[in-house]
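The structure appears right after this line, and notes come after that.
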Amino acid sequence: MTARHASAARRGRDRKAEILAPPPGRDRFARGDEPSVAVVGGGIAGLAAATLLAERGARVTLYEKDSALGGRLSGWPTRLSDGSRVTMTRGFHAFFRQYYNLRGLLRRTDPALARLTPLPDYPLRHSAGLTDSFARVPRTPPFSALGFVALSPTFGWRDLVAMDARAALPLLDVRVPEVYERFDETSATDFLHSVRFPEAAHHLAFEVFSRSFFADPRELSAAELLLMFHIYFLGSAEGLLFDVPTEPFPQALWDPIGAYLHRLGAAVRTGTAVHEVRPRDGGGAEVRTAAGTSVHQAVVLALDTGGLRQTVAASGGLGTLAWREDVAALRTAPPFLVSRLWLDRPVDADRPGFLGTSGYGGLDNVSVLERYEGEAARWAARAGGSVVELHGYAVDPASDPQRVQGMLVDQLHQVYPETRGARVVGARHEWRSDCPLFAVGSHQRRPTVRTPHTWLTLAGDAIRCDLPVALMERAATTGFLAANALLAGWGVRGQTLWTVPRSGRSRVLRALGAAVAPRPSP
């Protein structure tokens, strides 16, 4: 083990985590030589890019159309019928231990990550009554996968024997980006059927991963599913351990990052939508908002799928025709619902902070916020109640919203019967449809961090990134990569990044998977 890897192990990182060093360069811009950079989008990707650029001395302007930072993890105040002022967000997110670059961003204002707290388990319950737990599953691959089989009531050794070993071998040999070449044309559902996973395990383990993408597994690329298996089971010794913020997202995460950017000299313009990015002769761009037009030497577009499509469509001079068509081809996942209920009585004391569910109609998971979030715990203590959150993903767009909201509450009563008699002090229902869809066969067309313009980069969880990262970590990683690409052009050193290993950890398993697994036809 190298000294750097030993240091990583002491900090809790997987000793086989890979280091991606940026190109060498100056530590920061010289005084008077600082370029002006516009970062469009104040979610995780935009905050990562803005933070790194500002740390290196660039004159950063961060544009965010909403009134608060955080993007899909933002929050806003609301008042309940009992007069309490509380924070509403778009729901539960797990900050896994292998989200190295996201956690690196958060360490800027919280070096010990004291504003995150671990949840002891990630239980998954099927309506048939079986429940899987990850609390006692070993962290080190391949014992993590084997331990899950040994401990699971839904996935036993007989199921393992019944699987199609040849079809399953690619799970042992996930390599990035080759996994996309082999499996992007296959759906997650078709892959699982080919492997002959037992139906209960299919729902409890792998469909949960596909639902993390807010997608129907029949539409999701199998490459993304295999990548998730690699990230959490056979590629990383961090396993399925994760943390959650101890307070709502704004207070715990984004308000401190926003204050940090102010101290670095960045201009943070919330409530400011960018309508057009117009290239200038000789490089750079004019960025047009309702307040006027500003000139910047470089731009990072860190927008969600719909926002990126809209901005590029409105900016006629951007890119090439082929690049613009690739951006226009990006798809958005189906709508999802987050329902939060403030109840006048507590749920049973043994209910976990988070429970994944399957077989309960449209209900995908249930969170009990007072188990981990300070604001919810304080309200629950005052009211003698509970704050419960319900998620429903990949909702049919033709569905009646009121009916779906009622169904989720009915399904909560099945999962936690003690909630049937509770009075609802407050209810908030958030419908959104702005997550990227990683559809079958879409990887090759996804735009990358680099664009046809040297002064323009892209960032976000929809952006193609040939590293083993997903979800929030893909957003953070592409944000840093977008800033790194600009900094390299100016001869300034960028951010060192970390990732889960880009291939399986075991040489024997990799060799077996490579030798036996079918390869695509030329």
Under a 3.5 Å distance rule, please check whether Ser399 uses its side chain to pair with a backbone N or O of Asp396 as donor and acceptor. yes
Are His193 and Thr189 side-chain neighbours, meaning at least one heavy-atom pair lies under 4.5 Å? yes
Within a strict 4.5 Å, meaning less than it, do heavy atoms of the Leu73 and Met472 side chains meet? yes
Between Tyr122 and Phe96, what is the ring plane arrangement, given parallel below 30°, perpendicular above 60°, and tilted in between? tilted
Might you work through the side-chain hydrogen bond (donor to acceptor under 3.5 Å, both in side chains) test for Tyr180 and Glu224, ending with a clear yes or no? CA-CA 8 Å; Tyr180 291 102; Glu224 294 290 343; 3.1 Å; yes
Counting only heavy atoms not in Arg218, do more than 12 sit closer than 6.0 Å to its CZ atom? no
Indicate yes or no: at least one non-hydrogen side-chain atom of Leu318 is less than 4.5 angstrom from one of Arg324. yes
Quick check: are there more than 12 heavy atoms from other residues, nucleotides or ligands sitting under 6.0 Å from CD of Glu430? yes
Of all the heavy-atom pairs spanning Ala333 and Ser433, show the shortest one and how long it is. O-OG, 3.3 Å
Donor-acceptor contact below 3.5 Å, side chain Ser221 vs main chain Ala223: yes
Mind checking whether Thr477 and Leu467 have side chains closer than 4.5 Å, heavy atoms only? yes
Does the distance from a Lys or Arg side-chain N to an Asp or Glu carboxylate O, for Asp33 and Arg31, drop under 4.0 Å? no
Salt-bridge present (Arg182, Asp173; N to O < 4.0 Å): yes
Side-chain (His443) to main-chain (Gly441) donor-acceptor, under 3.5 angstrom: no
Counting only heavy atoms not in Gln297, do more than 12 sit closer than 6.0 Å to its CD atom? yes
Kindly give the heavy-atom pair with the smallest separation between Asp326 and Pro447, and that separation in Å. O-CD, 4.3 Å
Determine yes or no for a side-chain-to-main-chain donor-acceptor pair under 3.5 angstrom, with Glu64 supplying the side chain and Thr270 the backbone. no
Flag the pair Phe95 / Phe242 as yes when their ring centroid distance falls below 6.0 Å, and as no otherwise. no
If we only count heavy atoms from C-beta on, is the Val39 to Leu53 side-chain gap below 4.5 Å? yes
When you measure from the side chain of Asp14 to the backbone N and O of Lys16, does any donor-acceptor pair fall under 3.5 Å? yes
Counting distance only, does the side-chain N/O of Glu185 pair as donor-acceptor with the main-chain N or O of Phe183 below 3.5 Å? no
Non-hydrogen side-chain atoms of Phe229 and Pro170 separated by less than 4.5 Å: no
Checking Arg474 side chain against Val469 main chain: does a donor-acceptor pair fall under 3.5 Å? yes
Nearest heavy-atom pair of Ala38 and Val287: which atoms, and what distance? CB-CG2, 4.0 Å
Carefully, step by step, assess Arg450 and Leu456 under the rule side-chain contact (heavy atoms from CB on, under 4.5 Å). CA-CA 7 Å; Arg450 293 185 180 272; Leu456 174 68; over 6 Å; no
Is it true that Glu18 and Arg502 make a salt bridge, defined as a side-chain N closer than 4.0 Å to a carboxylate O? yes
Which of Leu308, Val300, Val299 passes side-chain contact (heavy atoms from CB on, under 4.5 Å) with Val40? Answer is Val299
side-chain contact (heavy atoms from CB on, under 4.5 Å) for Val395 and Trp431? Distances and angles first, verdict last. CA-CA 10 Å; Val395 178; Trp431 282 94; 3.9 Å; yes
Phe354 vs Val244, side-chain contact (heavy atoms from CB on, under 4.5 Å): CA-CA, chis, key distance, verdict: CA-CA 10 Å; Phe354 178 86; Val244 290; over 6 Å; no
Test item: Arg445 side-chain N/O and Val327 main-chain N/O as donor-acceptor pair under 3.5 Å: no
Gap separating the CG atom of Asp184 from the OG atom of Ser442, nearest 0.5 angstrom: 5.5 Å
Report the residue from Thr51, Leu52, Leu20 that forms a side-chain contact (heavy atoms from CB on, under 4.5 Å) with Gln495. Leu52
Carefully, step by step, assess Thr87 and Gln251 under the rule side-chain hydrogen bond (donor to acceptor under 3.5 Å, both in side chains). CA-CA 9 Å; Thr87 306; Gln251 296 91 308; 3.2 Å; yes
Apply side-chain hydrogen bond (donor to acceptor under 3.5 Å, both in side chains) to residues Arg278 and Thr293 and explain how you reach the verdict. CA-CA 10 Å; Arg278 183 179 304 165; Thr293 299; over 6 Å; no
Straight-line distance of Cys435 SG to Asp461 CG, nearest 0.5 Å: 7.0 Å
Locate the shortest heavy-atom distance separating Ser315 from Val277; write the atom from each residue and the value. OG-N, 2.8 Å
Rounded to the nearest 0.5 Å, how far does CG of Leu330 lie from CG of Asp304? 10.5 Å
Heavy-atom pair with the smallest gap, counting every atom of Thr451 and Thr457: CG2-CA, 4.1 Å
When rounded to the nearest 0.5 angstrom, what is the spacing between OG1 in Thr117 and CG in Asp243? 7.0 Å
So Tyr232 and Gln98, do their side chains get closer than 4.5 Å, heavy atoms only? yes
Verify the distance criterion only: is there a donor paired with an acceptor across the side chains of Tyr100 and Glu238 at less than 3.5 Å? yes
May I ask you to decide if Arg115's main-chain N or O and Asp110's side chain share a donor-acceptor pair within less than 3.5 Å? yes
If you round to the nearest 0.5 Å, how far is CZ of Arg493 from CZ of Arg56? 4.5 Å
Does the gap between the ring centers of Phe249 and Trp254 come in under 6.0 Å? no
Checking Arg107 against Tyr99: charged group under 6.0 Å from the ring centre and within 45 degrees of the axis? no
Could you state the interatomic distance from CZ (Arg331) to CZ (Arg446), rounded to the nearest 0.5 Å? 11.5 Å
Please determine, by modelled atom types, if Tyr260 and His262 share a side-chain donor-acceptor pair under 3.5 angstrom. no
Scanning both residues in full, the closest heavy-atom pair of Val174 with Leu227 reads CG1-CA, 4.5 Å
Measure the shortest side-chain to side-chain distance between Thr61 and Arg269 over non-hydrogen atoms and say whether it is less than 4.5 angstrom. yes
Side-chain donor-acceptor pair under 3.5 Å between Thr478 and Arg464, yes or no? no
Please determine which of Arg428, Arg340, Arg90 meets the salt bridge (charged side-chain N to carboxylate O under 4.0 Å, His left out) test together with Glu389. Arg340
Run the numbers on Glu219 and Val440 for side-chain contact (heavy atoms from CB on, under 4.5 Å), then give the verdict. CA-CA 6 Å; Glu219 288 196 73; Val440 175; 5.8 Å; no
I'd like to know if the side chain of Glu473 pairs up with that of Asn101 as donor and acceptor (distance under 3.5 Å, no hydrogens or angles considered). yes
